[in-house]
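Note sheet for the following structure.
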There are 2 protein chains.
Amino acid sequence: MALPTLSSRDKILDVAEALFARRGFEGVGMREIATAAGLGKSSLFHHFRSKPQLYYEVLGRVIERLHDRLAPVVASHSGSIEKLDRLIDVLVDALAEQPTTARLLLRALFEEDATAHDQLPEAIKCEQVLADTLEGIQRLLREGVDAGVFRSVSVAHTVQTLIGATVYHFASGELGDGLLGRPLLSAEAVSRRKEELHNLFHHGLVVRPA
Amino acid sequence: MALPTLSSRDKILDVAEALFARRGFEGVGMREIATAAGLGKSSLFHHFRSKPQLYYEVLGRVIERLHDRLAPVVASHSGSIEKLDRLIDVLVDALAEQPTTARLLLRALFEEDATAHDQLPEAIKCEQVLADTLEGIQRLLREGVDAGVFRSVSVAHTVQTLIGATVYHFASGELGDGLLGRPLLSAEAVSRRKEELHNLFHHGLVVRPA
DNA sequence: CCATCACCCGACCGATCGGTCGGTCGGTTG
DNA sequence: CAACCGACCGACCGATCGGTCGGGTGATGG
């Protein structure tokens, strides 16, 4: 475990990410973040202008991490089915590796900005990268529909289904099959989830009558 | 619009439901709820013991409303496929009719209880009814799998997919197809969503090669 | 006519919120 | 040596948090 004495700024971002993921923007105080990072509260404001700015910096990191993994998939030159399968795999992998991602992303996707933080440059960039990522997925689906490989669907609806089925799955308790409560992010569980989604999108749930 | 001068208690519950759905437990103050209900803050504490108690009373109403609509479906004596279809229809209808339901439910499903509210009797009842509802859906799926009508799946995973695909859809902005931003809860949009889900679970997304 | 009651309110409480201020410390620079 | 610097901190600010308290009001009923 090489701990290269990571800078205070990164340390703050890390603990803030964990806390915001768990309890949301309003549920976490700056003092709590500071003590969790081993600093005084005032020191946070040396590195970040305000609480919203810190929040969106955290969120931006998360969204960008995800974007960087998804972008090559949607930009690749394979067939629509393989692209969809790879998208599911990469998405599930990314969400499983960092448990904070799903929760922060889910909050970002459905939560309203109580106070108008939208003018923050960090918030604007977040929204931009996120929109870009989602639009990439839409394009992937649209291509498949145009090529006749996918059924004619509302791609917007399908994206939401895909997001809901993945992000929500990892954001919620991940109850697992029989092993209630256990964290259960084993490689086996992850590949099981991928298989479920592959099958659902390939064949649906209902067994073919013939 | 018959306004039967609904009791202050119900008025409080209504406005609190709307506010909690929008900004979550931590994001809403008692004073805001009070003024929105046309009362003084102290009056809230005449009807409800504490803020968590009010929150879980709100949540309980929502969950029970949903439970009451879903229970007859899972208890009915039709085939698994029809049951699934009806489940989707009823679920989508319920979420579309009251936009607060999806958001409150989503929060309840994935948010952690920051402070241990779990000892509240209202919270316990919430969790009970919710667990009962989810278990009913699991039973529905399990029956279908046992009867060979559904593919062999992890029913827990499938429930989460179903929840994610419906609850998340209505909790998020519901961007709609091309009409960005518009509320768009028209009957047409709702039945479109049902159709998408029916098709997904019946056939998947990929067009059959033969 | 008076007691009771549900209902409602303004004033207030201690705690905590995000954020500021003045200042200390250790490490470059010249 | 002095001058400067980023990192950090304790003390403090006004505002707001959930919650309490005592008292007011209007309808009810003996």
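Just so it is clear, the model here is predicted, and its values are computed rather than measured. Quick note on labels: first sequence line is chain A, next is B, and so on, each numbered from 1.
By the 4.0 Å N-to-carboxylate-O rule, A:Arg61 lies too far from A:Glu57 to be salt-bridged with it.
Between A:Arg49 and A:Glu32, the residue whose closest nucleotide on DNA chain C is further toward the 5' end is A:Glu32.
Residue side chain B:Lys41 reaches the base of D:dG19 through a donor-acceptor N/O pair under 3.5 Å, judged by distance alone.
Set against D:dC9, D:dT20, D:dG19, the side chain of A:Ser43 has D:dC9 as its closest nucleotide. Ranking C:dG18, D:dC9, D:dC21 by closeness to the B:Ser42 side chain, first place goes to D:dC21.
In this structure, B:Glu26 atom CD and D:dC17 atom P are separated by 13 Å, rounded to whole Å. The CZ atom of B:Phe45 sits 17 Å away from the P atom of C:dC13 (whole-angstrom rounding). Going from atom CG of A:Leu54 over to atom C1' of C:dG19 covers 14 Å, rounded to whole Å. When rounded to the nearest whole Å, the span between CZ of B:Phe48 and C1' of D:dG18 equals 16 Å. The nearest whole Å value for the distance from the CE atom in B:Met30 to the C1' atom in D:dT20 is 13 Å. Following rounding to the nearest Å, B:Lys51 (NZ) and C:dA15 (P) show an atom-to-atom distance of 19 Å. For the pair B:Leu44 CG and D:dT20 P, the computed distance is 13 Å after rounding to whole Å.
The distance between the ring centers of A:Tyr168 and B:Phe110 does not fall below 6.0 angstrom.
Judged purely by distance below 3.5 Å, without hydrogens or angles, the side chains of A:Arg69 and A:Thr133 never pair a donor atom with an acceptor atom. In this model, a donor atom of one side chain and an acceptor atom of the other lie less than 3.5 Å apart for A:Gln160 and B:Ser172.
The side chain of A:His47 places an N or O atom within less than 4.0 Å of a non-bridging phosphate oxygen (OP1 or OP2) of D:dC8. Within the 4.0 Å cut-off from OP1 or OP2 of C:dC8, not a single side-chain nitrogen or oxygen of B:His46 is found. The side chain of B:Arg31 contributes no N or O atom lying less than 4.0 Å from OP1 or OP2 of D:dG18. The side chain of A:Ser8 contributes no N or O atom lying less than 4.0 Å from OP1 or OP2 of D:dA7.
At distances below 3.5 Å, at least one donor-acceptor pair connects side-chain atoms of A:Lys51 with backbone N or O atoms of A:Val28.
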